[in-house]
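Below is one structure, written out as structure tokens, with a few remarks after it.
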Amino acid sequence: MTIVLTPVWSNGTQKLKVISQTPPAPKRGLTPLALDESVHTVRCLNQLRSKDKSIEKYIYLFQLKDADPRMFYKLCLANMSEITPLIYTPTVGDACLQFSHIYRRPEGLFVSLKDKGNIGKVLRNWPRIDEARISVVTDGSRILGLGDLGLNGMPISIGKLSLYVAGAGIRPSSTVPICLDLGTNNQKYLEDPLYLGLRQTRPSPEVMTEFMEEFMHEMSVVFPKLLVQFEDFSTDKAFLYLDSFRNRYPVFNDDIQGTGAVVLSGFLNAAKLSSAASGLPLSEHRILFFGAGSAGVGVAMQLMSFFKLQGLSTEEARQRIWLVDSQGLIFDARGPLAEHKKYFSRRDYTGAPMTDLTEILKYVKPTALMGLSTIKGAFTQSVVETMSALNPCPIIFPLSNPVRLSECEFRDAVEWSQGRVIFASGSPFPEQEYNGRMLYPGQGNNMYIFPGLGLGAILSRAASVTDTMVEASSLGLADSLTEEEHAQGLVYPRIERIREISAQIARSVIRAAQRAGVDRSSDLRNLTDAELLEFVKSKMWYP
Ligand SMILES: NC(=O)C1=CN([C@@H]2O[C@H](COP(=O)(O)OP(=O)(O)OC[C@H]3O[C@@H](n4cnc5c(N)ncnc54)[C@H](O)[C@@H]3O)[C@@H](O)[C@H]2O)C=CC1
Ligand SMILES: CC(=O)C(=O)O
Ligand SMILES: [Mg+2]
């Protein structure tokens with residue numbers, strides 16, 4: 001039974017209210033055409049493929065999900081590599097930018113700043129409270145690399161949750177997409193007559209923190225079995241709210257922890273390939289981050305594990321990482337730094353500020369270059385050629401999303417490195433032929449991690465999401481490549497295997513939760529590894 005929701009406007013505040021339920025099934029004789037499902041699947045796919053533009057395909061899929069969710073997920077599962085870029089990055093970026101214009105009907109829950117003091121009441125509007133298990137919550141303040149999109153960030157919560165369903169078999173009815181409508185500093189939206197959100201600039205950090213405290217408390221009261229994924233909060237808030245809430249509620253930040261885990265996983269495989277070509281011991285890799293926001297620093301923190309797994313101390317691991325932000329190389333003598341940049345700030349460099357990336361590369365001599373800067377084309381020919389002169393197989397991961405903000409395209413990286421690059425990007429690129437050899441780009445995107453991490457946390461009923469659970473998700477992903485995928489030089493498994501991969505990740509996460517003592521499903525402790533994997537698979541929903 002579907003509940004139909006409609007927006008209600010009161011004092012400029014958007015709320016949702018149940019107005020009707022789907023009509024009862026038609027009486028016999030009035031039943032719709034008896035459809036042959038396999039033929040109808042082809043019909044739906046043809047309708048999708050008949051659209052020229054990605055955004056039209058997004059709108060078609062969004063409406064199909066509303067009208068016939070089983071068919072939507074059936075198409076997703078059978079055509080992962082074709083549909084993921086439509087419901088997720090890069091197309092979801094355009095859907096967010098245009099959300100107030102392409103809006104058809106409500107999906108998800110909007111919680112407005114005007115609801116402060118009454119947030120519990122708003123949450124209780126949700127029609128399937130008992131079934132709720134996972135919520136993706138954004139405040140729209142940094143959607144992908146597109147900046148502050150305010151309420152228009154809702155499609156990112158919806159898109160991530162569609163991947164939870166498709167990728168990890170979470171029941172659609174257990175997902176709760178939430179967008180916090182806290183105003184926007186995006187002047188264009190404030191002036192857009194069709195903009196759906198509050199027409200005011202964002203509140204002070206004090207008001208925001210009061211709001212978040214109430215929101216998280218009420219979420220835990222209304223949805224006692226819910227795991228919360230924070231998504232696309234701007235960097236200052238991303239770190240602040242992860243730190244404030246992670247020991248009080250089951251919550252993780254996808255941009256910091258999910259991205260950290262996915263890049264650690266890809267780097268584990270990439271470093272082996274690169275070291276096989278160069279002979280360099282794994283412990284001697286050197287990683288330069290271009291971009292030092294929530295994603296850059298989150299990944300840098302997680303990559304410390306790579307060096308610790310090679311036997312290095314925490315301090316030795318820190319020494320193998322360099323950060324660059326919009327003002328160049330980050331070093332102590334440069335002047336005051338934002339809190340999250342301090343840990344990796346270099347103490348061993350005291351020269352003049354260095355801003356040119358090629359010059360920085362010549363100084364640092366990294367084996368790996370990570371892009372989390374939102375700066376399109378920042379990895380120029382000179383940058384890729386310098387990396388290629390330093391390394392037989394340079395590791396270059398332009399991870400910014402969506403695709404049009406990528407630091408480098410796969411085609412260029414292949415060309416400029418003469419086919420030697422080990423490459424993964426945040427959004428997908430097509431494969432390339434080089435000198436008769438087919439080369440495959442990896443997709444270093446947290447979409448490989450959060451479905452399995454979330455499933456493991458839900459099934460173990462984890463009271464919190466520990467660092468060890470996040471690391472377990474990463475190692476589980478790194479270990480999931482088949483021999484054929486390794487032989488093709490891949491650093492991530494093929495997305496078509498996402499269900500199988502998510503099950504393995506979930507099992508590793510449950511075991512880590514048990515070791516950390518945060519699991520509340522203690523009966524799972526008695527299962528063997530094989531039994532636990534079967535249990536995880538048995539819990540997956542299939543359309
Ligand atoms: N592949 C993946 O799974 C993920 C990718 N991302 C992407 O990472 C990007 C960054 O996200 P956040 O860290 O949250 O954003 P942010 O805006 O906080 O960070 C951007 C960083 O880039 C630096 N930067 C900006 N201009 C620069 C320039 N000209 N030269 C050098 N550095 C420059 C800034 O100083 C800042 O440190 C976004 O595009 C996002 O889509 C984020 C999460 C996951
Ligand atoms: C992938 C993702 O979470 C981001 O770009 O923000
Ligand atoms: Mg994100």
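Note that ligands are numbered from 1 as they come in the structure, with each ligand's atoms numbered from 1 the same way.
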- Message: Any heavy atom of L405 closer to ligand 1 than 4.0 angstrom?
- Response: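 Heavy atoms of L405 never come under 4.0 Å of ligand 1.
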Which bit of [X] is near ligand 2, meaning a heavy atom under 4.0 Å away: side chain, backbone, both or neither?
X: I143; result: neither
X: T259; result: neither
X: Q443; result: neither
X: Q229; result: neither

- Query: Can you tell which of R142, K237, K160 makes a salt bridge (charged side-chain N to carboxylate O under 4.0 Å, His left out) with D255?
  - Reply: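 For D255, the salt bridge (charged side-chain N to carboxylate O under 4.0 Å, His left out) test succeeds with only one of R142, K237, K160, which is R142.
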Do we see a donor-acceptor contact under 3.5 Å between the side chains of [X] and [Y]?
X: Y492; Y: N445; result: no
X: E407; Y: S400; result: yes
X: K57; Y: T91; result: no
X: S382; Y: T358; result: yes
X: S305; Y: E471; result: yes
X: H340; Y: D236; result: no
X: D148; Y: S141; result: no

I'd like the name of whichever of [options] reaches closest to [atom] through any heavy atom.
atom: atom 8 (O) of ligand 1; options: L372, I449, I330; answer: L372
atom: atom 35 (O) of ligand 1; options: A424, A295, S326; answer: S326
atom: atom 1 (N) of ligand 1; options: S427, G444, G371; answer: G444

- Item | Derivation of the ring pair (Phe, Tyr, Trp, His ring centres under 6.0 Å) call for Y73 and W541 | CA-CA 10 Å; Y73 285 113; W541 175 84; 5.7 Å; yes
If you measure from each non-hydrogen atom of [X] to ligand 1, which part falls under 4.0 Å: side chain, backbone, both or neither?
X: M447; value: neither
X: D325; value: both
X: N401; value: both

With heavy-atom distances below 4.0 Å as the criterion, list the atoms of ligand 2 near [X].
X: E231; answer: 3 (O)
X: Y88; answer: 1 (C)
X: D255; answer: 2 (C), 3 (O), 4 (C), 6 (O)
X: K160; answer: 1 (C), 2 (C), 3 (O)

- Can you check whether N185's main-chain N or O pairs, donor with acceptor, with T201's side chain at less than 3.5 Å?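 Judged by distance alone, no pair lies under 3.5 Å.
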- Give yes if a backbone or side-chain nitrogen or oxygen of D232 is under 3.5 Å from a nitrogen or oxygen of ligand 2, and no if not.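 Yes; at least one N/O pair falls below 3.5 Å.
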- Compute the minimum heavy-atom distance from T89 to ligand 2 and say whether it is under 4.0 Å.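 For ligand 2, residue contact (heavy atoms, under 4.0 Å) with T89 is absent.
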- Task: Using non-hydrogen atoms of the residue, decide whether M447 is closer than 4.0 angstrom to ligand 2.
- Result: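 In this structure, M447 fails to qualify as a contact of ligand 2 - no heavy atom is under 4.0 Å.
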- Message: Could you go through Y349 and Y363, starting from their C-alpha distance and side-chain angles, then the distance that decides it, and tell me whether this counts as ring pair (Phe, Tyr, Trp, His ring centres under 6.0 Å)?
- Response: CA-CA 10 Å; Y349 181 78; Y363 166 70; 5.1 Å; yes
- Walk me through it: do H285 and F267 pass the test ring pair (Phe, Tyr, Trp, His ring centres under 6.0 Å)? CA-CA 10 Å; H285 275 267; F267 186 74; 5.8 Å; yes
- For Y448 against R494, the heavy-atom pair lying closest together: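 Scanning both residues, the minimum pair turns out to be OH-C, 4.1 Å.
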- Given K362 and D356, is the salt bridge (Lys or Arg N to Asp or Glu O under 4.0 Å) satisfied, shown in steps? CA-CA 10 Å; K362 287 180 183 161; D356 180 72; over 6 Å; no
Return the residue, atom name and 0.1 Å-rounded distance of the protein heavy atom closest to [atom].
atom: atom 36 (C) of ligand 1; result: A292 N, 3.7 Å
atom: atom 19 (O) of ligand 1; result: G293 CA, 3.4 Å
atom: atom 44 (C) of ligand 1; result: T259 OG1, 3.0 Å
atom: atom 5 (O) of ligand 2; result: N401 ND2, 2.8 Å
atom: atom 23 (C) of ligand 1; result: G291 CA, 3.8 Å
atom: atom 15 (O) of ligand 1; result: R142 NE, 3.8 Å
atom: atom 38 (C) of ligand 1; result: T374 CG2, 3.5 Å
atom: atom 5 (C) of ligand 1; result: L399 O, 3.2 Å
atom: atom 25 (C) of ligand 1; result: S373 O, 3.6 Å

- Please assess D139 against R202 for the test salt bridge (Lys or Arg N to Asp or Glu O under 4.0 Å), listing each intermediate value before the final yes or no. CA-CA 10 Å; D139 73 343; R202 288 186 178 271; 3.7 Å; yes
- Task: Please lay out, stage by stage, how F450 and Y164 fare under the test ring pair (Phe, Tyr, Trp, His ring centres under 6.0 Å).
- Result: CA-CA 8 Å; F450 62 76; Y164 266 103; 5.1 Å; yes
Number the atoms of ligand 1 from 1 as they appear, then name those within less than 4.0 Å of a heavy atom of [X], with their elements.
X: G426; answer: 1 (N)
X: I375; answer: 26 (N), 27 (C), 28 (C), 29 (N)
X: G145; answer: 38 (C), 39 (O), 41 (O)
X: S400; answer: 7 (C), 9 (C), 39 (O)

- Criterion salt bridge (Lys or Arg N to Asp or Glu O under 4.0 Å) on K342 and E339, from CA distance to verdict: CA-CA 6 Å; K342 287 183 182 163; E339 197 55 41; 3.0 Å; yes
- Query: What protein N, O or S atoms come within a distance below 2.8 Å of the Mg ion (ligand 3), ordered by chain and number?
  - Reply: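 Metal shell, protein only: E231 OE2, D232 OD1, D255 OD1.
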- Considering the options S406, S427, S425, which one meets the side-chain hydrogen bond (donor to acceptor under 3.5 Å, both in side chains) requirement together with N401?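 Running side-chain hydrogen bond (donor to acceptor under 3.5 Å, both in side chains) over S406, S427, S425 with N401 returns exactly one hit, S427.
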- Message: Test your reading of the structure: does N446 have an N or O sitting under 3.5 Å from an N or O of ligand 1?
- Response: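 Yes, at least one N or O pair falls under 3.5 Å.
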- Query: Hey, does V324 come in under 3.5 Å of ligand 1, counting only N/O atoms on both sides?
  - Reply: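 Between V324 and ligand 1 (N or O atoms, distance only) the closest approach is not under 3.5 Å.
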- Task: State, yes or no, whether a side-chain contact exists between F230 and F245 at a heavy-atom distance under 4.5 Å.
- Result: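 A side-chain contact exists here, since the closest heavy-atom pair is under 4.5 Å.
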- Any chance CD of E315 has more than 12 other-residue heavy atoms, nucleotides or ligands included, within less than 6.0 Å?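 For E315, atom CD is crowded (more than 12 foreign heavy atoms under 6.0 Å).
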- Got more than 12 heavy atoms from elsewhere within 6.0 Å of CD, E485?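 Count over threshold, so yes.
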- Item | Flag: protein heavy atom within less than 4.0 Å of atom 17 (O) of ligand 1 |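 Within 4.0 Å: no protein heavy atom nearby.
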